[in-house]
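Scroll down for the structure; my scribbles are underneath it.
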Amino acid sequence: GELEGAFMYPSPAESQSAKNTQVPIFTAQGEQGIEMAYEQDVSALATQSDYTPIAAAIAQQNLTYAKSGLDYTSTVKLRKEATLQSVTNVEVWDCSLQCYDSGLIDDGGSDVEDQYVYMPFLPFIGEGAERGKSETLASFLEYVDDPDGFSVQGFSAGLFFSEVVQNIVDEG
């Protein structure tokens, strides 16, 4: 749609590869119509006060979309700071796999209300969880004490690897 976005990247000084994984995703969102109006590298060690100028820029530029490519705590800090600064112009607070973590709600509380979290798997945390509707998901949850988005991604990668090895063996 007509969204104008603020995008926070992992600091390349700390991890160029982490930033490199976010660039194509954010660029694709720009190509789909979310104007990349504000971009900022952010340290993984940033405190909430480090998000003060970011939240201020989001408010001053009247941006309607915001997304952090860092871990869920970055999103929590950004949202808490936006609440302190009474930022109300954002229509979509976005986050991907890293925010599919109960810590987002535990740490963010009401400040992360209406947070959009997209994921490439069935939900397994909270209300509406699909635990009993997928044999594979049930198997995953059998072996993981504290599931989150990254753990299911690792589990899926293991299943895929096993399938590839079996296909190689089957082909001789």
Item checked: Listed partners of Thr27 passing side chain to side chain contact (heavy atoms under 4.5 Å, CB included), at least two apart ->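 Testing Thr27 for side chain to side chain contact (heavy atoms under 4.5 Å, CB included), a comparison that skips the adjacent residues, returns Val23, Glu31.
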Tell me, please, which residues at least two apart from [X] pass side chain to side chain donor-acceptor pair (under 3.5 Å).
X: Asp50; value: Thr47
X: Tyr65; value: Gln29, Asp94
X: Thr73; value: Asp71
X: Asp107; value: Tyr72

Would you tabulate the side-chain donor-acceptor contacts of residues 162-172 under 3.5 Å, counting partners in other chains and residues two or more places apart, or write 'none'?
| residue | atom | partner | partner atom | Å |
| --- | --- | --- | --- | --- |
| Gln166 | NE2 | Asp170 | OD1 | 2.8 |
| Asn167 | ND2 | Glu163 | O | 3.4 |

Let me have the donor-acceptor pairs involving side chains of residues 5-15, under 3.5 Å, with sequence neighbours excluded, atom names and distances please.
| residue | atom | partner | partner atom | Å |
| --- | --- | --- | --- | --- |
| Tyr9 | OH | Glu39 | OE1 | 2.8 |
| Ser11 | OG | Ala13 | N | 3.3 |
| Glu14 | OE1 | Ala44 | N | 2.8 |
| Glu14 | OE2 | Ser43 | OG | 2.4 |
| Ser15 | OG | Ser17 | OG | 3.4 |
| Ser15 | OG | Ala18 | N | 3.1 |

Which disulfide bond (SG atoms under 2.5 Å apart) pairs, counting each pair once, include a residue from [range], with sequence neighbours left out?
range: residues 15-68; value: none
range: residues 9-104; value: Cys95-Cys99
range: residues 135-169; value: none

Note to self: Test of understanding: with salt bridge (charged side-chain N to carboxylate O under 4.0 Å, His left out), list the residues that count as partners of Asp41, not counting sequence neighbours.
What the structure shows: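 With neighbours one apart ignored, the set is Lys19.
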For residues 81-90, dump all side-chain donor-acceptor pairs below 3.5 Å to protein atoms at least two apart in sequence or in another chain.
| residue | atom | partner | partner atom | Å |
| --- | --- | --- | --- | --- |
| Glu81 | OE1 | Gln48 | NE2 | 3.3 |
| Glu81 | OE2 | Thr52 | OG1 | 3.1 |
| Glu81 | OE2 | Gln85 | NE2 | 2.9 |
| Thr83 | OG1 | Arg79 | O | 3.0 |
| Thr83 | OG1 | Asp111 | OD1 | 3.0 |
| Gln85 | OE1 | Ala56 | N | 3.3 |
| Gln85 | NE2 | Thr52 | O | 2.9 |
| Asn89 | ND2 | Ile58 | O | 3.0 |
| Asn89 | ND2 | Leu63 | O | 2.5 |

